2 protein chains.
Amino acid sequence: MDVTDSRSQTGETGRGRPSALQEFKCPIRDVLDRVGDAWSVLVVTNLAEGPTRFNELKRRIEGISQRMLTVTLRHLERDGLVSRTVMPTTPPQVEYALTDLGHSLCRPLDVLADWATANQPLIRASRERYDAESGG
Amino acid sequence: MDVTDSRSQTGETGRGRPSALQEFKCPIRDVLDRVGDAWSVLVVTNLAEGPTRFNELKRRIEGISQRMLTVTLRHLERDGLVSRTVMPTTPPQVEYALTDLGHSLCRPLDVLADWATANQPLIRASRERYDAESGG
DNA sequence: CAGAATCCCATTGGATACTG
DNA sequence: CAGTATCCAATGGGATTCTG
């Protein structure tokens with residue numbers, strides 16, 4: 001199963017990915033990795049509005065597969081960014097919510113999003129210019 | 001060759017990855033992707049100190065492969081975050097530097113890094129707790 | 001020095017089917 | 001509803017080799 005991360009404790013897979021920076025390169029890389037993950041950001045953003053149930057999240061984050069939503073939520077829960085509450089009903093309901101730590105991430109995320117939004121036009125333009133010069 | 005991104009213009013690979021959010025999900029995702037990329041951040045951080053040549057970068061970002069440094073620099077150049085200057089010497093020297101846009105990214109990056117640094121202990125602790133409960 | 005090209009395995013992640 | 005398990009295609013990225 002690919003949900004378990006016991007691998008990440010050895011820090012060495014053999015070849016695969018660097019794993020290098022994970023340990024000795026940049027001590028905060030593993031934290032940043034979660035931000036780089038597209039789905040994680042989407043999930044955190046959605047949960048910022050309030051506690052949400054599994055399928056509601058799945059519906060809102062249109063395009064995410066069931067598997068990735070599960071995996072992403074597990075990661076966020078493991079990191080203490082998201083809490084998971086099971087309601088003993090039939091059928092069972094599970095509610096996900098941001099923890100305080102999770103909420104605290106929203107600010108840095110907003111700063112980054114603001115930068116991205118503000119500079120997206122320049123970046124897009126730069127890409128078109130680059131592609132035009134390369135291709136022609 | 002995997003350096004070309006003509007794929008990203010169609011926005012559809014067939015199955016592979018979502019590519020979904022790339023276009024219609026989160027318009028700034030493609031920008032954020034660059035931040036999520038471990039190497040990109042490392043390169044930008046290093047260039048923030050001043051213009052640097054290829055092999056000097058490779059030496060400083062210990063662990064990066066030649067291929068990934070090339071690919072990463074191309075991406076950053078395409079996005080207009082990094083400039084590439086070829087000095088007509090023998091042997092040729094190529095100097096990479098942050099553009100104004102590249103420099104402007106440093107602030108949001110710092111904010112994020114500060115958050116990561118400040119909260120890493122909590123996250124680590126949460127992970128250990130989670131792993132202990134799951135494993136035991 | 002600064003890359004480009006090739007080879008190839010490891011991880012990613014969608015699709016699908018099954019469970020409590 | 002809220003997952004878990006399995007299968008498999010596509011991508012990521014290190015290692016290696018070759019060039020101007």
Side-chain angles (χ1 to χ4, degrees), chain A residues 1-8 10-22 25 33 36-40 42-43 51-59 61-75 77 82 84-96 134, chain B residues 1-8 10 12-22 25 33-34 36-40 42-43 51-59 61-75 77 82 84-96 134:
Chain A
M1 62 174 72
D2 55 7
V3 174
T4 63
D5 285 341
S6 50
R7 166 191 58 74
S8 66
T10 73
E12 187 55 61
T13 318
R15 291 280 257 18
R17 53 190 307 213
S19 161
L21 63 171
Q22 220 83 16
K25 179 90 1 221
D33 275 345
D37 177 18
W39 299 128
S40 286
L42 269 287
V43 169
T52 316
R53 286 170 50 191
F54 188 86
N55 276 324
E56 174 63 20
L57 269 178
K58 186 167 181 331
R59 234 167 289 128
I61 309 178
E62 196 177 1
I64 193 171
S65 68
Q66 198 174 41
R67 201 182 83 93
M68 284 318 292
L69 181 53
T70 301
V71 170
T72 301
L73 285 169
R74 287 292 174 281
H75 280 161
E77 189 193 354
V82 161
R84 177 174 179 274
T85 311
V86 182
M87 326 290 283
T89 59
T90 330
Q93 298 187 356
V94 180
E95 206 168 73
Y96 291 93
S134 296
Chain B
M1 61 173 72
D2 55 6
V3 174
T4 63
D5 286 340
S6 50
R7 166 190 60 74
S8 65
T10 73
E12 186 56 60
T13 317
R15 291 280 257 15
R17 54 188 308 211
S19 160
L21 62 172
Q22 220 83 16
K25 179 88 3 221
D33 275 345
R34 199 101 306 135
D37 177 17
W39 297 129
S40 287
L42 269 286
V43 169
T52 316
R53 286 171 48 192
F54 188 88
N55 275 324
E56 175 63 21
L57 269 177
K58 187 167 179 333
R59 233 168 290 128
I61 308 178
E62 195 176 2
I64 194 171
S65 68
Q66 200 173 40
R67 201 182 86 93
M68 284 319 291
L69 181 54
T70 300
V71 171
T72 301
L73 284 169
R74 287 294 174 278
H75 280 160
E77 190 194 352
V82 162
R84 176 174 179 273
T85 310
V86 183
M87 325 293 281
T89 60
T90 329
Q93 299 187 357
V94 180
E95 206 168 72
Y96 292 92
S134 298

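Just so you know, these numbers use all the heavy atoms, side chains as well, and skip hydrogens, waters and symmetry mates. Everything quoted here is computed from the prediction, not taken from an experiment. Residue numbers begin at 1 in each chain, while the letters A, B, ... track the order of the sequences.
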Just the rounded figure in Å: distance from C1' of dG12(D) to CG of Asp37(A). 15 Å
In chain order, what residues pass the salt bridge (Lys or Arg N to Asp or Glu O under 4.0 Å) check against Arg59(A), with sequence neighbours excluded? Glu56(A)
Any side-chain heavy atom of Leu69(A) sitting closer than 4.5 Å to one from Trp39(A)? no
Distance, rounded to the nearest Å, where Tyr96(B) contributes OH and dC1(C) contributes P: 14 Å
The side chain of Phe54(B) is closest to which nucleotide in this list: dC1(C), dG3(D), dG3(C)? dG3(C)
Please report, rounded to the nearest Å, how far the C1' atom of dG13(D) is from the NE2 atom of His75(B). 12 Å
All N/O pairs under 3.5 Å across the protein-nucleotides 16-20 of chain D interface:
none

Taking the side chain as everything from C-beta on, heavy atoms only, tell me whether Val82(B) gets closer than 4.5 Å to Tyr96(B). yes
Identify which nucleotide among dA2(D), dA2(C), dC1(C) has an atom closest to any side-chain atom of Arg84(A), counting heavy atoms from C-beta outward. dA2(D)
Interatomic distance, Arg74(A) CZ vs dA5(D) P [rounded to whole Å]: 11 Å
Give the rounded distance in Å between these two atoms: CE of Met68(A) and C1' of dT4(D). 15 Å
Tell me, do Phe54(B) and Glu95(B) make a side-chain contact under 4.5 Å, heavy atoms counted? no
Do Ile64(A) and Leu42(A) have side chains that approach each other closer than 4.5 Å (heavy atoms only, starting at C-beta)? no
Write down the distance between CD (Gln93(B)) and C1' (dA2(C)), rounded to a whole number of angstrom. 11 Å
Side-chain contact, heavy-atom cut-off 4.5 Å: Thr85(B) with Val94(B)? no
Rounded to whole Å, CH2 of Trp39(A) lies from C1' of dG14(C) at a distance of 10 Å
Could you state the CG-P distance from Leu69(B) to dG14(D), rounded to the nearest angstrom? 11 Å
